[in-house]
Amino acid sequence: VGSEMCIRDSFYLTLRKVNFKNWIDNFKNIEWGWFTGMLVVAYLSHYLRALKWTIFINSNERTKAMTGVLYGYTFNFVLPRLGEIMRVTYFSSVTKFPVDYLIGTVIFERAVDTLFLALFVIASLSSYDVYGIISSFTGLHQSEIIQKHLKDALFIALLLAIGVLIFLISKKIKIPYIKGLVSGLNALSSLPLKDRISFFLLTLMMWIAYFLTLSMGIFAVYGSFSFSLKELLLIFVISSLAIVMPSQGGLGTFHFFVSKGIAFLRPEIPEDTHIFAATFIHTSGALLILLLTVFFISLNFLKRKDEHGLH
């Protein structure tokens, strides 16, 4: 219910004053070379996530891992974070890896992603007035923003404390599923040093691919190199935070916050263009995920059919 309200409110706030006739002109002015590059790099980012996961679980099942990643992304459009469960459920069904172990690997993977996102946030917002940006989005005063951040920090600290407690208990008591979960969390530490280095290098490459995907989408709408590296980094951070908010695959939140972020940097350009840019980039990425999911599920089905000698 909360995610549905988040999507509804975000779409309402974003689209309530849009003149859709202007979007036709925006679409006609798309630079399709940048758009094609955006799709290619977006595909690469999905492949890098699958590739680093196969290193993490010490498996050569790259096609199945890619299918699992895309399967998860698709289900994220149904319910927030459902994709993580469906990803491991699918991969477990086509391999011999237990679900609880795979969930542990995904939790660790997402923890590393959070670390990389935090580094991007620090790098970007260190050169901007953070409270000014947030206030322009929400209308909140600085004291209200600080109070909200304190509440969020306490909530995150509570979750971390619960996680540490579960980890310590699982070390003393053999609890079904918890042991497999902890084993998944510790999977990387049991791998050779070169595999651990590969995991973090692939994570860095994946985040760079995410950044380039958004940048190329921006250039496709606004023109080649129309934003500086510093500005693109800010938009990227805003878009990443919008994706992790409680909404189905960034629906609504991406459109609202990315359009507001670009408007913060380019207030002289009509707001319709900013909203079109956010909608165009998100919709293109979503359609790519859906098409790739169908393709890879079909590919895996045909491979399993051949392996079993079915006709």
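Computed from a prediction, not measured in an experiment: that's the story for all the values here.
Side-chain contact between Leu290 and Thr74 is present, with at least one heavy-atom pair separated by less than 4.5 Å. No side-chain heavy atom of Glu109 sits less than 4.5 Å from a side-chain heavy atom of Val112. Inter-residue side-chain proximity for Asn300 and Val94 is flagged as unmet; no heavy-atom pair is nearer than 4.5 Å. Trp23 is listed as a side-chain neighbour of Ile275, based on a closest heavy-atom distance under 4.5 Å. Taking the side chain as every heavy atom from C-beta outward, Phe108 and Phe199 approach each other to under 4.5 Å. The shortest side-chain heavy-atom distance between Ile243 and Ser239 does not fall under the 4.5 Å cut-off. A 4.5 Å side-chain heavy-atom check between Leu117 and Leu241 finds at least one atom pair inside the cut-off. For the pair Tyr73/His46, a side-chain contact is recorded, criterion being any heavy-atom separation below 4.5 Å from C-beta on.
A donor-acceptor pair under 3.5 Å is absent between the side-chain atoms of Ser92 and the main chain of Val88, judged by distance alone. Side chain of Ser226 to backbone of Gly223: a donor-acceptor contact under 3.5 angstrom is found. Between the side chain of Thr54 and the main chain of Leu51, a donor-acceptor pair closer than 3.5 Å is present.
Taken to the nearest 0.5 Å, the OH atom of Tyr71 stands 15.0 Å off from the CD1 atom of Ile289. Here CG of Leu214 is found 7.5 Å from OG of Ser240. Values are rounded to the nearest 0.5 Å. Taken to the nearest 0.5 Å, the OG1 atom of Thr253 stands 12.5 Å off from the CD1 atom of Ile238. Interatomic distance, CZ of Phe227 versus CZ of Phe219, reported as 8.5 Å (0.5 Å rounding). In this structure, CD1 in Ile55 is found 6.0 Å from CG in Asp195, a value given to the nearest 0.5 Å. Note that the OG atom of Ser228 and the CG atom of Leu233 stand 9.5 Å from one another [nearest 0.5 Å].
Ala209 and Ser45 make their closest contact through CB-CB, 3.7 Å (heavy atoms, listed as atom of the first residue, atom of the second, distance). Closest approach of Tyr90 and Lys64 over heavy atoms only: CE2-O, 3.8 Å. Of all heavy-atom pairs spanning His274 and Ile262, the tightest one is ND1-CG2, 3.3 Å. Counting all heavy atoms, side chain and backbone alike, Leu82 lies closest to Asn76 at N-OD1, 3.8 Å. The two atoms that bring Gly249 and Phe77 nearest to each other are O-CE2, 3.8 Å, heavy atoms only. Across Ala278 and Ser259, no two heavy atoms sit closer than the pair CB-N, 4.1 Å.
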Start with the C-alpha gap between Tyr222 and Trp34, add the side-chain angles, then the distance that decides, and say whether ring-ring contact (aromatic ring centres under 6.0 Å, His included) holds.
CA-CA 10 Å; Tyr222 293 93; Trp34 284 115; over 10 Å; no
Go through it in stages, so that I can follow the logic: the residues are Val106 and Leu102, the test is side chain to side chain contact (heavy atoms under 4.5 Å, CB included), and I'd like the CA-CA distance, side-chain angles, deciding distance and then a yes or no.
CA-CA 6 Å; Val106 170; Leu102 292 174; 5.6 Å; no
Please evaluate residues Asn22 and Phe276 with respect to the criterion side chain to side chain contact (heavy atoms under 4.5 Å, CB included), reporting the C-alpha separation (whole Å), side-chain torsions for both, the decisive distance (0.1 Å), and the verdict.
CA-CA 9 Å; Asn22 293 337; Phe276 170 81; over 6 Å; no
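Linking Ile, Leu, Val, Met, Phe, Trp and Tyr whenever their side-chain heavy atoms come within less than 4.5 Å puts Val121 and Leu229 in one cluster. Phe225 and Ile281 end up in the same hydrophobic cluster when Ile, Leu, Val, Met, Phe, Trp and Tyr side chains are linked at under 4.5 Å. A continuous path of hydrophobic side-chain contacts links Phe295 to Met66 [ILVMFWY only; heavy atoms under 4.5 Å]. When the side chains of ILVMFWY residues are joined at heavy-atom separations under 4.5 Å, either directly or via intervening members, Leu44 and Leu299 end up in a single hydrophobic cluster. Hydrophobic clustering (ILVMFWY, side-chain heavy atoms < 4.5 Å, transitive): Leu39 and Ile30 are in one cluster.
The aromatic rings of Trp207 and Phe236 lie perpendicular to each other, with more than 60° between the two planes, well past the 30° mark.
No salt bridge links Glu61 with Lys96; every basic N to acidic carboxylate O contact stays at or beyond 4.0 Å. Salt bridge status for Asp113 with Arg49: present, with a side-chain N to carboxylate O gap under 4.0 Å. Taking a cutoff of 4.0 Å between a charged side-chain nitrogen and a carboxylate oxygen, Glu271 and Arg266 do not qualify as a salt bridge.
Between Trp32 and Phe27, the ring center distance clears the sub-6.0 Å criterion. Annotation: Trp53 is in aromatic contact with Phe91 [ring centroid separation under 6.0 Å]. Separation of the Phe116 and Phe120 ring centroids does not fall under the 6.0 Å cut-off.
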